[in-house]
2 protein chains.
Amino acid sequence: MTTTPRRARAPRQSDVARLAGVSQSAVSRVIGGDTDAARIPEATVRRIQEAIKELGYVPNPTARKLRTGRNRLLGVHTFEAVFPRAREDFYLEFLLGIEERAEEIDHDLVLFTSTGGTDGRRRVYRDGVNRLNVADGAVLLGVAADRAELARLEADGYPFVHIGRREVPGTRITCVVPDYESAAAAIVDRLADLGHTRIGYLSAGIDEESYADRRRGYESAVARRGLHDVSPAGPPGPGGAPDPAWLDTVLGGTADRLTAVVADAEWLAHPFAEALAARGLAVPRDVSVAVLEGVAPDAAVRWDCLQIPRREVGRLAIDTLVGLLDEPGTPVADVLVECVVVEGETVTAPAGTQGRTE
Amino acid sequence: MTTTPRRARAPRQSDVARLAGVSQSAVSRVIGGDTDAARIPEATVRRIQEAIKELGYVPNPTARKLRTGRNRLLGVHTFEAVFPRAREDFYLEFLLGIEERAEEIDHDLVLFTSTGGTDGRRRVYRDGVNRLNVADGAVLLGVAADRAELARLEADGYPFVHIGRREVPGTRITCVVPDYESAAAAIVDRLADLGHTRIGYLSAGIDEESYADRRRGYESAVARRGLHDVSPAGPPGPGGAPDPAWLDTVLGGTADRLTAVVADAEWLAHPFAEALAARGLAVPRDVSVAVLEGVAPDAAVRWDCLQIPRREVGRLAIDTLVGLLDEPGTPVADVLVECVVVEGETVTAPAGTQGRTE
DNA sequence: CCTGTCCGCTCATACGTATGAGCACGAACG
DNA sequence: CGTTCGTGCTCATACGTATGAGCGGACAGG
């Protein structure tokens with residue numbers, strides 16, 4: 001086995017050109033594959049290709065990027081460090097989809113890590129420098145997304161896609177989001193189909209788009225189906241505990257009692273079920289409960305819940321981003337990904353009704 | 001809140017220069033911070049800085065890279081997809097260290113994903129293109145590292161560091177590795193200190209550098225301490241089971257019986273202990289056992305083992321790589337990271353000796 | 001013989017930045 | 001008044017590629 005001597009400098013197109021006895025642009029044309037447009041005959045193409053092989057020429061992606069504006073690099077910016085969080089399913093599933101799809105369409109990922117500010121939170125701009133520029137575009141994710149930075153990014157004309165809906169004052173940005181609104185509506189529809197008429201919404205009390213989406217879906221479906229909404233007025237108590245006064249009201253009479261609730265999260269559904277148990281009531285016998293988020297299948301209670309298509313969201317984020325790159329003028333619009341409603345053991349027909357039993 | 005209109009084109013230094021009434025090079029000098037060398041007075045510096053702010057100029061990293069060869073991007077190439085494997089502690093810990101250190105020294109990571117070949121394995125070169133070139137250098141990791149590719153990379157003069165020792169025919173590459181050799185020697189020393197004189201080595205029978213390192217450390221320490229090496233001759237049986245004939249030999253007589261073994265891995269130590277139990281012998285009462293790899297602290301048996309400093313290896317890989325970039329002529333050498341010996345419950349003084357008891 | 005067309009390329013330039021060399025000007029000095 | 005020196009910049013170029021425009025020659029048609 002012979003050792004190739006370490007090269008002083010990487011060969012470039014002009015080196016290839018000299019060896020093949022043509023001009024640099026001819027080499028570029030052969031590499032770019034537009035030999036027809038440039039009318040390079042096959043014999044010359046072969047000669048150039050041999051020179052390429054002989055010198056071991058590889059194109060310089062940086063120069064390409066400078067010239068064409070593309071380098072098949074897609075950025076991933078998280079507002080927290082990626083790898084510690086990669087453990088958690090939340091992030092990981094998105095990243096899986098992102099990596100998978102990027103690989104399929106032959107792009108590399110740039111993981112932006114260096115944007116950590118002194119306050120521990122990450123920012124896109126630091127020292128006025130947008131590091132994202134090395135990539136053709138970026139996928140941003142992370143709950144802590146700074147709206148001002150998103151606005152500036154958009155104003156700067158940088159192509160990016162945000163995972164999770166994020167409303168930014170002054171602009172619209174492209175988001176890829178689980179369709180919580182439809183999912184919440186579907187769950188209400190299911191409850192209505194089963195015969196529930198008085199239902200409530202256990203809100204997380206978090207002022208964030210994804211929760212607003214759920215709420216909107218709930219409310220529109222409740223209105224459409226003509227149900228009675230008997231949700232608690234305020235936010236949950238510590239630990240997600242429901243308001244006792246509210247419980248008294250909606251569980252008091254037997255005739256007009258609440259028979260089902262929809263909860264933003266498992267940590268709300270759980271204390272609610274416990275409060276019921278303390279009053280001698282059971283889920284789902286007395287009250288049905290559905291959760292508007294994904295719940296681990298090995299959880300203690302097999303909640304009726306959603307299955308958030310995180311992986312698919314990641315994949316679609318990549319596709320949407322590349323679409324943005326290919327057609328820069330595209331009007332921004334949210335991309336919705338359907339959530340599957342998972343049937344568990346916490347929703348049934350209300351007592352005294354004959355629900356379908358299978 | 002006013003919406004900044006979406007810009008047609010990003011401003012460049014020449015735009016700033018025009019606004020400030022200077023030349024592009026003056027702007028570059030101010031940005032580069034070498035205002036002293038270029039003798040730009042403070043007043044002009046301020047004027048330029050204001051122009052920068054007004055236009056919202058941000059440097060173009062691609063152009064910088066083309067000019068200087070650096071863009072503060074470090075590649076991470078794994079020979080398998082990163083994120084699915086990020087779950088496992090093996091990869092994750094390296095990546096944690098890599099990300100952490102990269103962030104500290106203000107570099108971003110490029111995750112190479114698109115290098116998947118049709119055979120499912122990833123390669124650095126595909127279609128003759130070295131994608132790694134977008135980054136200043138790269139950290140490679142993954143058991144499946146292709147030696148031929150490593151050789152070519154080295155021959156091409158691409159700066160990279162490999163995590164885990166990898167011998168490449170024809171060249172030497174820079175590796176960052178846990179110091180298995182010293183760790184194995186330390187463990188043998190500890191056994192010798194406790195009074196063991198006849199010990200054996202349970203080899204995984206895997207022909208790979210890290211195992212060779214362990215073996216070397218073991219053998220040199222055994223020789224240095226004048227111990228009797230009674231290791232089995234062949235590789236382990238299915239499931240890691242020790243050779244019964246060998247067991248008969250080394251456990252037969254009582255006087256010259258083997259009193260300790262060192263195992264490459266837990267999956268070797270475990271069947272060995274079971275084989276002992278089947279003969280009415282116990283660990284560590286009759287035979288001490290040490291494992292030359294990291295063992296989860298919540299494992300059934302608290303083995304005496306190593307703690308592989310994966311995180312530190314990741315961090316050091318980054319530092320080594322950057323060192324390579326700053327001083328291109330540096331001769332390559334392995335970078336060793338010390339392994340901590342973890343005392344468990346499977347090593348003690350041999351029976352009939354008075355070991356230190358605390 | 002003149003004109004037009006097609007072939008096989010090349011020329012020139014732009015992308016945005018960094019940097020060694022050097023220029024014009026004013027002040028100080030002899 | 002001539003020379004030197006320091007100041008405050010600018011000029012020119014290189015990094016490696018892609019691409020619209022164009023040029024010289026061959027050949028065909030009139």
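Just so it is clear: chains get the letters A, B, ... in the order the sequence lines come, proteins before strands, and each one is counted from 1.
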- Message: Given dG22(D), dT17(D), dC15(D), identify the nucleotide with an atom nearest to the side chain of R39(A).
- Response: dG22(D)
- Item | Length of the CZ-C1' vector between R67(A) and dA18(D), whole Å | 4 Å
- Query: Can you tell me how far C1' of dC7(C) sits from CG of D36(A), to the nearest Å?
  - Reply: 13 Å
- Task: Rounded to the nearest angstrom, tell me the gap between atom CG in D15(B) and atom P in dC15(C).
- Result: 10 Å
- Query: Does a distance-only test, which skips hydrogens and angles, find a donor-acceptor pair under 3.5 Å between the side chain of R29(B) and the base of dT17(C)?
  - Reply: no
- Task: Let me know the distance between OH of Y57(B) and P of dG16(C), rounded to the nearest Å.
- Result: 10 Å
- Message: At 4.0 Å (heavy atoms only), tell me whether T68(A) reaches a base, stays on the sugar-phosphate, or touches nothing.
- Response: sugar-phosphate
- Ignoring hydrogens and angles, are the base of dA18(D) and the side chain of Q13(A) linked by a donor-acceptor pair under 3.5 Å? no
- With no angle test and no hydrogens, is the base of dC9(D) tied to the side chain of T44(B) by a donor-acceptor pair under 3.5 Å? no
- Message: How many whole angstroms separate atom CG of N133(B) from atom C1' of dC15(D)?
- Response: 14 Å
- Looking at every strand, decide which applies to V22(B) at a 4.0 Å heavy-atom threshold: base, sugar-phosphate, or nothing. sugar-phosphate
- Atom CD of Q24(A) to atom P of dT13(C): distance rounded to whole Å? 14 Å
- Under the salt bridge (Lys or Arg N to Asp or Glu O under 4.0 Å) rule, what pairs show up with a residue in residues 26-42 of chain B, not counting sequence neighbours? E42(B)-R46(B)
- How many Å lie between NZ on K65(B) and C1' on dC15(D), as a whole number? 11 Å
- Task: Over all heavy atoms of both residues, which pair between Y57(B) and Q13(B) is shortest? Give the atoms and the distance, please.
- Result: OH-CG, 3.2 Å
- Any idea which heavy atoms bring R165(B) and V177(B) closest together, and the distance? N-CG1, 2.9 Å
- How many Å lie between CZ on R64(A) and C1' on dG16(C), as a whole number? 19 Å
- In terms of the nearest nucleotide of DNA chain D, which residue is placed more toward the 5' end: L66(B) or P41(B)? P41(B)
- State, with a plain yes or no, whether a side-chain heavy atom of V322(B) is found less than 4.5 Å away from one of L74(B). yes
- Item | Minimum-distance pair of heavy atoms, taken over all atoms of L324(A) and F160(A) | CD2-O, 3.5 Å
- Task: Establish, with yes or no, whether the OP1 or OP2 oxygen of dC15(C) is under 4.0 angstrom from a side-chain nitrogen or oxygen of R12(B).
- Result: yes
